[in-house]
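Worksheet: one structure, shown below.
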Amino acid sequence: MDDQLADDDKLLFVPELPEVETIARGLASRVKGDIISSVWLGSKPEPLKSPAAQIAATLESSRISDVRRVGKHIVFDLDRVARTPSSAKSSRAAKRRLDHADEKNSQWIVHLGMSGRLLLCEPGTKIAKHTHAILTLRSGRELRFVDPRRFGRLSVAHSFEALGAEPLEVELEEFVSVFRGRKTPIKSALLNQSLLSGVGNIYADESLFRAGVRPRRRASSLTKAELRRLFLSLKEVLNEAIKAGGSSISNYVDANGEAGFFQLQHHVYGREGEPCLVCKRPIKRIVIAGRSSHYCMACQK
DNA sequence: ACTATTTCCTGGATGC
DNA sequence: TGCATCCAGGAAATAG
């Protein structure tokens, strides 16, 4: 089963907020409390945003206290596990090193990029092509980071925070103030992670469809009523996708090995030329800032 | 301070 | 069949 998973690298899904939420929840239920006993990092430098030695030093001998989503990032909260009981107290320098290592709030930050996956494997499972990191856990299992396109990023931090507001937590007032006065197309503004965290191409298109707003509209041109509709639509579509276990294109599999099927509910994304599910007119596809954008001419103004 | 464009990557799809 | 070319995407870097 795991061999099949490891062999399959023709995946074509891009994890956005609902997918990352699904993956983080799945991982939390499976690795919370486990301890990272050793770390292997591959030779390809791109996926490592922090120095390899720093990542390895932070992860090794740490206990995973939680796994959660922040924007499109997966955050592993780590507790340092005491390595040597009392011998390290001998010198001041050693004490200082120990104090430093004792940082309670270390975190491993994983961004999956386009093609990144975190696989929980039994030992001995064939190493998939494009495996960039392997964490061996005290339970014997291995947590592997596999990413063919290497757009994913691994780093360590102490108190990681997303730049933009969380779409599921943001309040209407802040949502409105974030977009008001921006000349950029509303589609681009939705994708801008420093404004909102976690919205990608699929959910930008789907929320704009649901709100009845065309993607090329300048953000500043949206009325208060339209911004309110977009605010509600975005929350709805993200919550529905999380409920459905994240979108899947091709055969995306989450951390529990269960497929997500939200793509069956997509109204515009990837449906160019197909009839609008509301008015039957063909869905249009245009390019905005290099990103394909799908919308219905009749349903969106 | 913003906004727009380019770049990084691989593999799947397409065309000759 | 093989080879070249294009395309997808998030975010960082670069340019305006």
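All chains are named by letter (A, B, ...) in the order of the sequence lines, taking the proteins before the strands, and each is independently numbered beginning at 1.
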Distance check needed: [N] [atom2] versus [X] [atom1], whole Å only.
X        : N      : atom1 : atom2 : value
A:Leu195 : B:dC2  : CG    : P     : 9 Å
A:Leu17  : C:dA11 : CG    : P     : 11 Å
A:Phe145 : B:dC9  : CZ    : C1'   : 13 Å
A:Arg117 : B:dT10 : CZ    : P     : 16 Å
A:Arg153 : C:dA12 : CZ    : P     : 9 Å
A:Leu191 : B:dA4  : CG    : C1'   : 14 Å
A:Asp147 : B:dC9  : CG    : P     : 11 Å
A:Lys183 : B:dA1  : NZ    : C1'   : 11 Å

Just wondering, do A:Ser106 and A:Val156 contact through their side chains at under 4.5 Å, heavy atoms?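 A side-chain contact under 4.5 Å is absent here.
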pair A:Leu135-A:Phe145: side-chain heavy atoms closer than 4.5 Å: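 No; the side chains remain at least 4.5 Å from each other.
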At under 4.0 Å, does any side-chain N or O of [X] touch on OP1 or OP2 of [N]?
X        : N      : value
A:His111 : C:dA11 : yes
A:His130 : B:dG11 : yes
A:Lys72  : C:dA11 : yes
A:Lys49  : C:dA11 : no
A:Thr184 : B:dA4  : yes

Any N/O donor-acceptor pair, A:Arg149 side-chain to C:dA8 base, under 3.5 Å: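 Such a pair is found, so the answer is yes.
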Looking for any heavy atom pair under 4.0 Å, which part of the strands does A:Ser188 touch: base, sugar-phosphate only, or nothing?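 Contact class for A:Ser188: none.
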Classify the nucleic acid contact of A:Gly290 as base, sugar-phosphate or nothing, counting any heavy atom under 4.0 Å across all strands shown.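 No contact at all - A:Gly290 keeps every heavy atom at 4.0 Å or more from the nucleic acid.
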Take atom NZ of A:Lys284 as the centre, draw a 6.0 Å sphere, and report whether it contains more than 12 heavy atoms from other residues, nucleotides or ligands.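 Counting other residues, nucleotides and ligands, NZ of A:Lys284 stays at 12 neighbours or fewer.
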Going by 5.5 Å between centroids and 30° between planes, is there a stack of A:Phe151 over C:dA11?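 The ring of A:Phe151 is not stacked on C:dA11.
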Nearest 0.5 angstrom please: A:Glu142 CD to A:Trp40 CH2, how far?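 The CD atom of A:Glu142 sits 10.5 Å away from the CH2 atom of A:Trp40.
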Could you grab the distance from atom CG of A:Leu48 to atom CZ of A:Arg153, nearest 0.5 Å is fine?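 Between atom CG of A:Leu48 and atom CZ of A:Arg153 there are 9.0 Å.
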Side chain of [X] only, please: which of [options] is the nearest?
X        : options               : value
A:Ser292 : C:dA8, B:dT3, C:dG10  : C:dA8
A:Arg150 : C:dG10, C:dA8, B:dT10 : B:dT10
A:Arg285 : B:dT10, C:dG10, C:dA8 : C:dA8
A:Arg218 : B:dA4, B:dG11, C:dG10 : B:dA4
A:Arg182 : C:dA8, C:dG10, B:dT3  : B:dT3

State yes or no: do A:Leu168 and A:Phe179 share one hydrophobic cluster built from I, L, V, M, F, W and Y residues joined by side-chain heavy-atom distances below 4.5 Å, directly or via other members?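 Looking at the clustering, A:Phe179 is in the same group as A:Leu168.
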